[in-house]
Undergrad: 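I'd like to ask some things about the structure below.
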Amino acid sequence: MKNKNLFLAILTIAFGIVLCVFRSEVMEWIAYVVAGLLILLGIMGVAAFFSAKKKKDVVSLLFSLIEIAGGVLIIIFAQEILEYALIILGAYFIFVGAYALLPLLGGKKVPQLKIIMALLSVVLGILLIVVPFAVSDVFFIVVGALAVIDGVFTLVKAK
């Protein structure tokens, strides 16, 4: 158990450092991993279709071909897709924050923490739309720093 915790601590610290140092590239890496998984799933689906004795499930074949095409498109247009994904995520945060604030318009009492979280959600959404990659850089730095801190604490506990 001690060796497992030591290994996890070192892995967490390394992960945190990678997130902090290569923050811009991490999003692209994630996109490429997702693209690879889509292509792999699509190929497996096509292989399953052609290996079946009765080839009745044409919808499954079509879906598998769409997965492959989607994976290829992500690889080709990774940067553009990431930009739009961040903008869509920003719109989502604005919607969620605004929706959480709706009871205020009806005169209902809302806990202050919920109001603060809703406002932060709206601000984050606006920032993701206005400066998407700057916000994602800060996000990866924060997550990376937290991972390093967690890894250090786990390392200290493991000894």
Side-chain angles (χ1 to χ4, degrees), residues 4-5 7-103 113-152 154:
K4 180 182 174 186
N5 287 342
F7 175 73
L8 286 175
I10 292 169
L11 195 63
T12 304
I13 292 169
F15 176 71
I17 292 170
V18 166
L19 283 180
C20 288
V21 175
F22 300 106
R23 58 193 175 272
S24 299
E25 291 87 356
V26 168
M27 286 183 52
E28 278 188 63
W29 296 343
I30 292 170
Y32 292 136
V33 167
V34 168
L37 289 173
L38 280 173
I39 292 170
L40 181 64
L41 288 171
I43 290 171
M44 288 171 44
V46 169
F49 176 80
F50 285 110
S51 66
K53 292 182 181 184
K54 294 183 179 181
K55 294 173 179 48
K56 291 183 177 180
D57 196 8
V58 178
V59 174
S60 180
L61 174 65
L62 183 62
F63 187 72
S64 296
L65 293 173
I66 290 171
E67 285 177 324
I68 294 170
V72 170
L73 286 174
I74 289 173
I75 290 171
I76 295 171
F77 300 108
Q79 203 63 27
E80 293 83 1
I81 289 171
L82 288 173
E83 187 173 331
Y84 289 117
L86 289 173
I87 290 170
I88 291 168
L89 186 63
Y92 172 77
F93 278 120
I94 291 170
F95 175 77
V96 167
Y99 186 77
L101 293 172
L102 281 179
L113 183 60
K114 189 171 183 179
I115 294 171
I116 291 169
M117 294 304 291
L119 290 173
L120 286 174
S121 178
V122 170
V123 169
L124 177 62
I126 292 169
L127 288 173
L128 278 169
I129 290 172
V130 176
V131 284
F133 288 104
V135 173
S136 67
D137 278 354
V138 171
F139 172 76
F140 284 120
I141 290 171
V142 169
V143 171
L146 290 173
V148 169
I149 292 167
D150 181 55
V152 168
T154 305

Undergrad: Determine, step by step, whether Ile39 and Ile75 satisfy the side chain to side chain contact (heavy atoms under 4.5 Å, CB included) criterion, reporting the C-alpha distance in whole Å, the side-chain angles of both residues, the deciding distance to 0.1 Å, and the verdict.
TA: CA-CA 10 Å; Ile39 292 170; Ile75 290 171; 3.8 Å; yes
Undergrad: Decide yes or no for Leu19 and Val148: does some side-chain heavy atom of the first lie under 4.5 Å from some side-chain heavy atom of the second?
TA: no
Undergrad: For Ile66, what residues pass the side-chain contact (heavy atoms from CB on, under 4.5 Å) criterion, not counting sequence neighbours?
TA: Leu62
Undergrad: Quick check: do Val46 and Ile68 have side-chain heavy atoms less than 4.5 Å from each other?
TA: yes
Undergrad: Rounded to the nearest 0.5 Å, how far apart are CD1 of Ile94 and CG of Leu89?
TA: 10.0 Å
Undergrad: Just verifying a value: how many Å separate Leu73 CG and Ile81 CD1, rounded to the nearest 0.5 Å?
TA: 6.5 Å
Undergrad: Once rounded to the nearest 0.5 Å, what's the spacing between atom CD1 of Ile30 and atom CZ of Phe140?
TA: 4.5 Å
Undergrad: State, with a plain yes or no, whether a side-chain heavy atom of Leu146 is found less than 4.5 Å away from one of Asp150.
TA: no
Undergrad: Does Asp137 have any side-chain hydrogen bond (donor to acceptor under 3.5 Å, both in side chains) partners at least two apart in sequence or in another chain, and if so, which?
TA: Ser24
Undergrad: Are the side chain of Ser121 and the backbone N or O of Phe93 linked by a donor-acceptor pair below 3.5 Å?
TA: yes
Undergrad: Please round to the nearest 0.5 Å and tell me the distance separating atom CG of Leu124 and atom CZ of Phe139.
TA: 9.0 Å
Undergrad: Please determine whether side chain to side chain contact (heavy atoms under 4.5 Å, CB included) holds for the pair Ile13 and Thr154, giving the CA-CA distance in whole Å, both sets of side-chain angles, and the decisive distance to 0.1 Å.
TA: CA-CA 10 Å; Ile13 292 169; Thr154 305; over 6 Å; no
Undergrad: Under the rule for ring-ring contact (aromatic ring centres under 6.0 Å, His included), what residues qualify as partners of Phe22, not counting sequence neighbours?
TA: Trp29
Undergrad: Rounded to the nearest 0.5 Å, how far does CD1 of Ile17 lie from OG1 of Thr12?
TA: 11.0 Å
Undergrad: Looking at side-chain heavy atoms only, is the closest gap between Val34 and Ile74 below 4.5 Å?
TA: yes
